[in-house]
S.K.: 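I am attaching a structure below and will ask some questions about it afterwards.
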Amino acid sequence: MKVAIIGATGFVGRRVLDEALARGLQVTAIARQQKDLPENANLSIALGDVADTEWLAKQLAGQDAVISAYNPGWAEDNLYEKTSRGAQQILDAVKKAGVKRLLVVGGAGSLEVAPGVELVDRELVRILAR
């Protein structure tokens, strides 16, 4: 199976990448920078910007599935706007490339589960993350 992983060098994307490679999938890692991607015969690397929908569609063409762990960067101004726009650009590229499967993943650690308490701060989450 051929899978493209968008955001393959990020916190979530890198774990998805490692799992896909461990399962023997043919992976195209899509990222802004190479940033310690592993050497692997099943790994192709495409460096670019998801905002370039034409470029992204070319990278996605021929894939069986796309997994998006896209994040414009936590330090970015207007994070919500950039995340929303990036998600739409990715969806447009997936459609243009004719890929039928898109999975979007991300972290939930910053979700507030009680007033002033984030999920990541709950004891069970810390135990499971070990």
S.K.: Under 3.5 Å, side chain of Arg101 to main-chain N/O of Val66, donor-acceptor pair present?
M.R.: no

S.K.: If you define the side chain from C-beta out and look only at heavy atoms, does anything of Asn42 sit under 4.5 Å from Leu25?
M.R.: no

S.K.: With no hydrogens and no angle check, is any side-chain donor or acceptor of Arg14 less than 3.5 Å from a backbone partner on Asp36?
M.R.: yes

S.K.: Donor-acceptor pair, Asp52 side chain versus Trp55 backbone, under 3.5 Å?
M.R.: yes

S.K.: Just so I know, are the side chains of Thr28 and Ile45 near enough to count as touching, which here means a heavy-atom distance under 4.5 Å?
M.R.: no

S.K.: Taking all non-hydrogen atoms of both residues into account, name the closest pair between Ile30 and Ala4 and its distance.
M.R.: CD1-CB, 4.1 Å

S.K.: Any chain of hydrophobic side-chain contacts (each under 4.5 Å) joining Leu47 to Leu43?
M.R.: yes

S.K.: Does Arg23 reach the side chain of Met1, with side-chain heavy atoms less than 4.5 Å apart?
M.R.: no

S.K.: Does Val99 share a hydrophobic cluster with Val27, counting links as ILVMFWY side-chain heavy atoms below 4.5 Å and allowing steps through other members?
M.R.: no

S.K.: Report yes if some heavy atom in the side chain of Ile90 is under 4.5 Å from a heavy atom in the side chain of Leu60; otherwise report no.
M.R.: no

S.K.: Are Leu91 and Ile5 grouped together when hydrophobic residues (ILVMFWY) are joined by side-chain heavy atoms under 4.5 angstrom apart?
M.R.: no

S.K.: Any non-hydrogen side-chain atom of Ser68 less than 4.5 Å from a side-chain atom of Val105?
M.R.: no

S.K.: For the residue pair Gln33 / Thr9, report whether a side-chain donor-acceptor contact shorter than 3.5 Å exists.
M.R.: no

S.K.: Can you tell if the side chain of Asp64 reaches within under 4.5 Å of the side chain of Val3, non-hydrogen atoms only?
M.R.: no

S.K.: Does NZ belonging to Lys96 count more than 12 external heavy atoms closer than 6.0 Å?
M.R.: no

